[in-house]
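Below: the structure, in structure tokens.
So that the names make sense, note that chain A is the first sequence line, chain B the second, and so on, each numbered from 1.
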2 protein chains.
Amino acid sequence: MTKKSLYQGHLTTIVLKLLADNDEMYGYQITRMVKELSSGEVQLTEGALYPILHKLEANGLVEVRHEKTNNRTRKYYKLTQSGHHETTHLLKEMQDFLKQMEVLISPIPKLK
Amino acid sequence: MTKKSLYQGHLTTIVLKLLADNDEMYGYQITRMVKELSSGEVQLTEGALYPILHKLEANGLVEVRHEKTNNRTRKYYKLTQSGHHETTHLLKEMQDFLKQMEVLISPIPKLK
DNA sequence: TTTTAATACCTAATTTGCTTAGGCATGATG
DNA sequence: CATCATGCCTAAGCAAATTAGGTATTAAAA
């Protein structure tokens, strides 16, 4: 059948979690780290990432600092207070989701 | 931010897993069982389910048996051989996905 | 008794979130 | 000197759900 990404709907959570752990990060760095942490399995493409970052900024969950290092512009993103709250919330939801998925795919349910 | 379903992209796998465990099921029954197994947490709505079942049938992963019980028509779905194969495959993918998600959200990654 | 809830199927417009596929610019590597 | 890595970006298209309906029968509740 189809072969789409299973990570749909979870990318924002992944990004927020990275920011929560690393204080400040820039976009390109995020894509590299996701790839590294997942041993190359998870591809957080720039086409997905940048819209996410812009949305987070628009919603006040991150703030941006511009930096210019040898003619290269970087935009560093950092969680705001509400960004931290949202991250905690999303991670909790994610944990519940993971547990539910395990329940749904592991045991053998009985017919009623 | 948004509050969408985290189960996007996993519903087909859930349906296939149920069929693998229960031999034969009909649509309405599937919605009830998902709800029950997840203690009401996962809502597999009919608007999502029926298109999935029809697609599975179109792709030859399930076969259908019509049954009429006291003026109520039920369509029983049952995995075909390739349906069983696909289920095994998707469940394996799902396991990998769950492991990856745990890696991505649990540990504290270090800056490079 | 009439309306609501449960059973049982269905479709279609819309939204969402990602993929795909580009574009621009700089600096290092082959 | 061309390609790769760094670093930002957007927009068209697609797939999978959500939302919001529809039909019909039977049982329970008001």
Heavy-atom check, side chain of [X] versus side chain of [Y], under 4.5 Å:
{"X": "A/Tyr7", "Y": "A/Gln43", "result": "no"}
{"X": "B/Leu56", "Y": "B/Leu16", "result": "yes"}
{"X": "A/Glu86", "Y": "A/Leu79", "result": "no"}
{"X": "B/Leu44", "Y": "B/Lys35", "result": "no"}

Are OP1 or OP2 of [N] and a side-chain N or O of [X] less than 4.0 angstrom apart?
{"X": "B/His10", "N": "D/dA17", "value": "no"}
{"X": "A/Thr45", "N": "C/dT19", "value": "yes"}
{"X": "A/His54", "N": "D/dT10", "value": "yes"}
{"X": "A/Lys55", "N": "C/dT16", "value": "no"}
{"X": "A/Tyr26", "N": "D/dG7", "value": "yes"}
{"X": "A/Lys68", "N": "D/dG7", "value": "no"}

Quiz prompt | Per-nucleotide protein contact string for nucleotides 22-29 of chain C (B base, S sugar-phosphate only, - none; heavy atom under 4.0 Å) | solution = ----BS--

Exercise. Mind checking salt bridge (charged side-chain N to carboxylate O under 4.0 Å, His left out) for B/Glu67 and listing every partner two or more places apart, or none if nothing turns up?
Key: B/Arg65

If you only use heavy atoms from C-beta on, which nucleotide in [options] is closest to the side chain of [X]?
{"X": "B/Arg32", "options": "C/dT7, D/dC9, D/dT6", "result": "C/dT7"}
{"X": "B/Thr12", "options": "D/dC8, D/dA17, C/dC10", "result": "D/dA17"}
{"X": "B/Tyr50", "options": "C/dC10, D/dC9, D/dA17", "result": "C/dC10"}
{"X": "A/Ser5", "options": "C/dT11, C/dA6, C/dT19", "result": "C/dT19"}
{"X": "A/Ala48", "options": "C/dT19, D/dT18, C/dC10", "result": "C/dT19"}

Once you round it to whole Å, what is the distance between [atom2] of [N] and [atom1] of [X]?
{"X": "B/Met33", "N": "C/dT7", "atom1": "CE", "atom2": "P", "value": "13 Å"}
{"X": "B/Gln43", "N": "D/dT19", "atom1": "CD", "atom2": "P", "value": "11 Å"}
{"X": "B/Ile30", "N": "C/dC10", "atom1": "CD1", "atom2": "C1'", "value": "15 Å"}
{"X": "B/Gln8", "N": "C/dT14", "atom1": "CD", "atom2": "P", "value": "19 Å"}
{"X": "A/Ile52", "N": "C/dG17", "atom1": "CD1", "atom2": "P", "value": "9 Å"}
{"X": "B/Glu36", "N": "C/dT7", "atom1": "CD", "atom2": "C1'", "value": "16 Å"}

Practice problem: Measure up the A/Phe97 and B/His10 rings against each other and bin them: parallel (under 30°), tilted (30 to 60°), perpendicular (over 60°). | Solution: tilted

Practice problem: Please determine which of B/Leu98, B/Leu90, B/Asp96 meets the side chain to side chain contact (heavy atoms under 4.5 Å, CB included) test together with B/Met94. | Solution: B/Leu98

